[in-house]
Novice: 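My questions will all concern the structure given below.
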Protein chains: 2
Amino acid sequence: MIYHDIKSDSLSETELKILSAARKIFIRKGLDGARMQEIANEAGINKALVHYYFRNKQKLFEAVFTEVFRNFLPQISGVLKSEIPLTDKIEAIVGKYIDFLQKNPYLPMFVMNEINRNPDKLANLLKSNGIEPEDITGQIKNGLDNIELRDIKPEHLIVNILSLCIFPFAAKSMIEKFLFKGDLKKFNAFFNERKSEVTRFIINSIVKQ
Amino acid sequence: MIYHDIKSDSLSETELKILSAARKIFIRKGLDGARMQEIANEAGINKALVHYYFRNKQKLFEAVFTEVFRNFLPQISGVLKSEIPLTDKIEAIVGKYIDFLQKNPYLPMFVMNEINRNPDKLANLLKSNGIEPEDITGQIKNGLDNIELRDIKPEHLIVNILSLCIFPFAAKSMIEKFLFKGDLKKFNAFFNERKSEVTRFIINSIVKQ
DNA sequence: AATTGGTTTAACCAAACGGTCAAAAATAAA
DNA sequence: TTTATTTTTGACCGTTTGGTTAAACCAATT
């Protein structure tokens with residue numbers, strides 16, 4: 001079943017091979033840096049076959065981009081909708097984010113590049129996955145009222161949480177080289193610590209004590 | 001005076017026009033996305049002239065990249081070396097960073113893309129500007145000992161500070177669209193608040209009280 | 001065995017690209 | 001003014017790139 005404009009649920013083996021190869025290449029090299037020939041080679045097929053299933057580079061990229069979020073967004077959405085205290089929710093979000101990014105460390109740069117190229121796309125993708133800014137800010141406002149927390153605007157808290165989770169992966173190789181001078185042991189230990197460290201850092205900052 | 005391999009202090013008007021045009025194009029479109037013809041057009045000159053002064057695309061990119069940091073790094077270096085309490089130092093660093101990035105909002109993505117392409121380059125550039133990881137971690141360790149601060153590994157504190165300062169600019173357009181739905185008034189107010197907000201967020205998190 | 005329809009391939013194409021070159025134009029030196 | 005040097009240009013080149021096409025392949029149906 002060819003892709004072109006209509007989405008299909010059952011993907012052939014070849015389509016899966018193409019998507020997997022395209023994901024790998026696009027994420028590492030970006031839209032401009034990726035080569036259709038390279039994607040075909042990675043998938044072990046002829047280049048024309050890539051065009052046969054996905055028509056052109058842009059359409060293939062879109063397919064990869066939306067596929068990447070189909071697994072992750074429902075997880076985040078689930079945590080956001082759950083009825084737990086704000087601090088627990090923060091811990092859960094940070095955990096999910098860092099877990100996911102440890103498995104997909106190249107994703108932040110991939111996504112952020114696409115955000116700057118087309119800011120509406122991800123915003124719409126979030127909304128179509130039931131993630132609405134008003135829901136989140138509203139929940140945070142309630143959470144801040146109910147317990148003894150410092151006043152902080154929800155928008156800043158959201159951006160701070162995302163910053164602390166996402167940025168280190170975007171700057172990963174730099175941190176490795178500059179901060180740990182290539183010592184992979186210390187470097188990996190650092191990234192393993194971040195889940196609890198970031199949670200603690202945020203909670204400390206907003207809890208009155 | 002042509003560039004090629006030897007750096008020169010006195011740059012001709014044409015060289016400055018090229019560098020300025022290249023900065024604009026490279027920062028917006030990246031190394032792969034930028035076109036030499038586009039840079040020449042932006043500078044209002046012939047494409048061959050760009051090659052005459054900077055030989056090739058890679059060399060021109062390097063020139064732009066290093067030039068970008070020649071203004072900024074000395075500022076950071078100055079603050080780091082100053083003998084002031086850790087909390088004041090954090091406030092100064094956050095201030096310098098956010099001030100600089102408000103004037104150069106496209107820079108984070110530009111730099112982060114290059115970091116992932118060539119992690120050593122920026123690490124070396126930092127060191128050649130007298131910014132050494134041991135100095136910074138050492139200073140933070142001392143700062144944490146001297147006053148009543150929570151224990152936090154210096155590496156985490158450094159990465160947290162950079163995350164909170166840099167990431168929001170990399171995700172700027174996304175924040176505008178999703179969080180503020182294109183309301184530029186609220187959006188600008190948000191970014192103006194961040195300098196004090198980020199400082200407060202970090203200090204709150206590390207000060208015992 | 002022949003037909004049909006989807007799949008895969010090798011060969012090919014036009015456009016775009018980074019880069020070169022010889023000559024013209026402008027500037028400096030004699 | 002003439003000569004030498006540097007700067008600027010238009011035309012050009014080889015390669016790479018995304019994309020197309022016609023034919024080959026293959027499995028299922030009749």
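All chains are named by letter (A, B, ...) in the order of the sequence lines, taking the proteins before the strands, and each is independently numbered beginning at 1.
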Novice: Mind checking whether A:Phe61 and A:Phe65 have parallel, tilted or perpendicular rings, split at 30° and 60°?
Specialist: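 Rings of A:Phe61 and A:Phe65: parallel, as their planes differ by under 30°.
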
Novice: Taking CD from A:Glu15 and C1' from C:dT7, how many angstroms apart are they, rounded to a whole number?
Specialist: 11 Å

Novice: A:Pro168 and A:Phe191: which non-hydrogen atoms are nearest, and at how many Å?
Specialist: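 Closest heavy-atom pair between A:Pro168 and A:Phe191: O-CZ, 3.5 Å.
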
Novice: Please name the residue in the list A:Val111, A:Asn116, A:Leu126 that meets the side-chain contact (heavy atoms from CB on, under 4.5 Å) test with B:Met174.
Specialist: A:Leu126

Novice: In whole angstrom, what separates A:Ile18's CD1 from D:dG19's P?
Specialist: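 So the two atoms are 14 Å apart, to the nearest Å.
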
Novice: Heavy atoms under 4.0 Å is the rule here; annotate nucleotides 8-22 of chain C 5' to 3' with B where the base is hit, S where only the sugar-phosphate is, and - elsewhere.
Specialist: BBB------SBBBB-

Novice: From A:Glu176 CD over to A:Phe190 CZ, what is the distance, rounded to the nearest 0.5 angstrom?
Specialist: 12.0 Å

Novice: Less than 4.0 angstrom from a charged side-chain N to a carboxylate O is my criterion; do A:Lys186 and B:Glu155 meet it?
Specialist: no

